[in-house]
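Note that the numbering runs from 1 along the sequence shown for the chain.
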Amino acid sequence: YIFSVAFSPDGKTIASGSLDNTIKLWDSQSGEELQTLTGHEGVVMKVVFSPDSRMIASGSRDSTIKLWDSQSGDEIKILTGHEDWVYSVAFSPDGKTIASASADKTVKLWDSQSGQEIKTLTGHEDYVISIAFSPDGKTIASGSSDKTIKLWDSQSGKEIRSLGKVLGPGNGGVIMSIAFSPDGKTIASGSSDKTIKLWDSQSGQEIKTLTGHGDVVISIAFSPDGKTIASGSADQTIKLWDSQSGKQIVLIKTLNGHEDSVLSVSFSPDGKTIASGSRDKTIKLWDVSALAAP
């Protein structure tokens with residue numbers, strides 16, 4: 001299984017995290033494997049590049065986060081403190097802080113240089129599966145199996161608000177993935193209830209619900225210009241949505257693509273390519289301009 005794919009901010013490299021406990025680096029142009037990073041003792045659930053492309057952070061079922069030199073592939077540091085799987089990791093926009101989401105129901109903040117734990121954020125009642133920094137770095141959003149999204153002040157660690165509980169018990173689903181729009185005004189969440197929801201990041205109000213997937217929405221990503229949302233689902237498809245109207249622009253049909261659940265989607269920095277990772281053990285690259293053609 002390919003659990004996570006991520007483009008480097010310079011667009012040259014794709015990192016992938018896998019069921020075999022490794023991270024692989026690929027040339028985004030040729031598709032050739034550059035190197036394999038080994039060291040985790042559990043499945044690699046999430047990989048992400050630092051804003052300067054020099055470092056990779058990986059979160060694993062071995063309860064650790066590892067930091068790697070993206071050029072040499074050397075392990076730089078290991079961050080320990082979580083008591084269960086690390087589902088997701090994210091760098092702050094300035095690269096100084098790493099946030100991690102864990103099955104131990106906590107979010108932790110780490111100093112990316114020293115590897116020291118800065119804070120533990122508590123409040124979720126179940127696994128924390130997804131984590132994201134706002135573009136200005138002031139807010140952290142976390143999505144959980146408790147069906148809520150929580151917004152936190154990244155400096156104080158205090159909870160600002162909780163989204164989702166307003167729906168009442170029995171509504172909504174497990175929050176599998178969250179992403180801030182590039183302008184920071186909108187949060188998108190993908191859920192086990194097969195929907196994508198868009199939220200106003202300031203008020204916490206739900207803006208709209210996007211429906212069309214036939215199964216759990218596992219991964220979502222905004223295009224760099226903020227106009228498009230890509231979603232990957234257990235229904236084996238990737239869908240592209242207009243982030244303003246919420247209409248489905250194009251569906252990448254299953255026959256053209258993955259043969260199992262799509263576990264991760266990522267836009268290239270120029271917005272021209274989408275990388276997708278799947279349970280079918282493949283990574284596919286898609287030309288966005290070709291997909292958007294009528």
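With a 4.5 Å cut-off on side-chain heavy atoms, Val47 and Ser4 count as touching. Leu25 places a side-chain heavy atom less than 4.5 Å from the side chain of Ile56. The side-chain heavy atoms of Ser102 and Asp84, taken from C-beta on, include a pair separated by under 4.5 Å. Residues His258 and Ser276 have side chains in contact (heavy-atom distance under 4.5 Å, counting atoms from C-beta outward). Residues Val107 and Ser142 form a side-chain contact, since some pair of their non-hydrogen atoms from C-beta on lies under 4.5 Å apart. Under the 4.5 Å side-chain criterion, counting only non-hydrogen atoms from C-beta, Ser100 is not in contact with Ile131.
Results of the side-chain contact (heavy atoms from CB on, under 4.5 Å) test with Thr22 over Val44, Val43, Leu37, Thr36 single out Thr36 as the only residue that passes.
The structure places OG1 of Thr122 at 9.5 Å from NZ of Lys150, a figure rounded to the nearest 0.5 Å. Taking CD of Gln244 as the reference point, atom NZ of Lys208 lies at 7.0 Å (rounded to 0.5 Å). Taking OG of Ser261 as the start and CG of Asp215 as the end, the distance is 6.5 Å to the nearest 0.5 Å. Gln116 contributes atom CD, which lies 9.0 Å from atom CG of Leu79 (distance to the nearest 0.5 angstrom). The OG atom of Ser264 lies 11.0 Å from the CZ atom of Phe3; values are rounded to the nearest 0.5 Å.
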* **Evaluation steps, side chain to side chain donor-acceptor pair (under 3.5 Å), between His124 and Thr106** => CA-CA 7 Å; His124 278 298; Thr106 70; over 6 Å; no
* Using the side chain to side chain contact (heavy atoms under 4.5 Å, CB included) rule, take Trp110 and Ile118 through it: C-alpha gap first, then chi angles, then the decisive distance, then the call. => CA-CA 5 Å; Trp110 314 80; Ile118 303 166; 5.5 Å; no
* Taking it one step at a time, do Ser144 and Lys147 satisfy side chain to side chain contact (heavy atoms under 4.5 Å, CB included)? -> CA-CA 6 Å; Ser144 169; Lys147 302 185 179 181; over 6 Å; no
* Could you go step by step and tell me if Glu117 and Thr120 meet the side chain to side chain donor-acceptor pair (under 3.5 Å) rule? -> CA-CA 8 Å; Glu117 184 181 321; Thr120 299; 2.7 Å; yes
* Using the side chain to side chain contact (heavy atoms under 4.5 Å, CB included) rule, take Met45 and Ser88 through it: C-alpha gap first, then chi angles, then the decisive distance, then the call. => CA-CA 7 Å; Met45 301 293 289; Ser88 188; over 6 Å; no
* Full working for side chain to side chain donor-acceptor pair (under 3.5 Å) between Asn21 and His40 -> CA-CA 6 Å; Asn21 303 356; His40 275 299; over 6 Å; no
* Step by step, would you call Asp10 with Ser53 a side chain to side chain contact (heavy atoms under 4.5 Å, CB included)? -> CA-CA 6 Å; Asp10 62 16; Ser53 297; 3.6 Å; yes
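Across Ser145 and Ile129, no two heavy atoms sit closer than the pair OG-CD1, 3.3 Å. Of all heavy-atom pairs spanning Asp280 and Glu259, the tightest one is OD2-N, 2.9 Å. Closest heavy-atom contact between Ala15 and Phe49: CB-CE1, 3.6 Å. The two residues Phe91 and Phe133 make their nearest non-hydrogen contact at O-CD1, 3.4 Å. Nearest heavy-atom pair across Ala99 and Ile140 is CB-CD1, 4.4 Å. Nearest heavy-atom pair, Pro135 versus Ser181, reported as atom, atom and distance to 0.1 Å: CG-O, 3.3 Å.
No continuous path of hydrophobic side-chain contacts links Ile238 to Ile283 [ILVMFWY only; heavy atoms under 4.5 Å]. Under the 4.5 Å side-chain contact rule for hydrophobic residues, Val174 and Ile178 do not share a cluster. One hydrophobic cluster holds both Leu19 and Met176 under the rule that ILVMFWY side chains link at heavy-atom gaps under 4.5 Å. Residues Ile98 and Val86 are members of one and the same hydrophobic cluster, defined by side-chain heavy-atom contacts under 4.5 angstrom among Ile, Leu, Val, Met, Phe, Trp and Tyr. Taken together through direct or relayed side-chain contacts under 4.5 Å among Ile, Leu, Val, Met, Phe, Trp and Tyr, Ile175 and Ile160 form part of one hydrophobic cluster.
Panel note: side chain Ser266, backbone Ala6; no donor-acceptor pair is recorded below 3.5 Å. Without hydrogens or angle criteria, Lys185 side chain to Gln202 main chain gives no donor-acceptor distance under 3.5 Å. Side chain of Thr237 to backbone of Lys239: no donor-acceptor contact under 3.5 angstrom is found. Thr13 places no side-chain N or O within donor-acceptor distance of the main-chain N or O of Ser8, the cut-off being under 3.5 Å. Using a distance-only test at 3.5 Å, with no hydrogens or angles considered, no donor-acceptor pair links the side chain of Arg161 to the main chain of Trp152. Using a distance-only test at 3.5 Å, with no hydrogens or angles considered, a donor-acceptor pair links the side chain of Ser154 to the main chain of Gly137. When atom types are taken as modelled, the side chain of Ser219 and the backbone of Val265 share a donor-acceptor pair closer than 3.5 angstrom. Formation of a donor-acceptor pair under 3.5 Å by the Ser50 side chain with backbone atoms of Met55 is found in this model. Of the possible polar contacts, none joining the Thr64 side chain to the Thr80 backbone as a donor-acceptor pair under 3.5 Å is found. Thr211 places no side-chain N or O within 3.5 Å of a backbone atom of Thr195 that could act as its donor or acceptor partner.
Between Tyr87 and Tyr127, the ring-plane angle classifies as tilted under the 30° and 60° cut-offs.
The salt bridge (Lys or Arg N to Asp or Glu O under 4.0 Å) test applied to Arg279 returns Asp260, not counting sequence neighbours.
Pairs engaging residues 49-73 under the salt bridge (charged side-chain N to carboxylate O under 4.0 Å, His left out) rule: Lys66-Glu75 [sequence neighbours left out].
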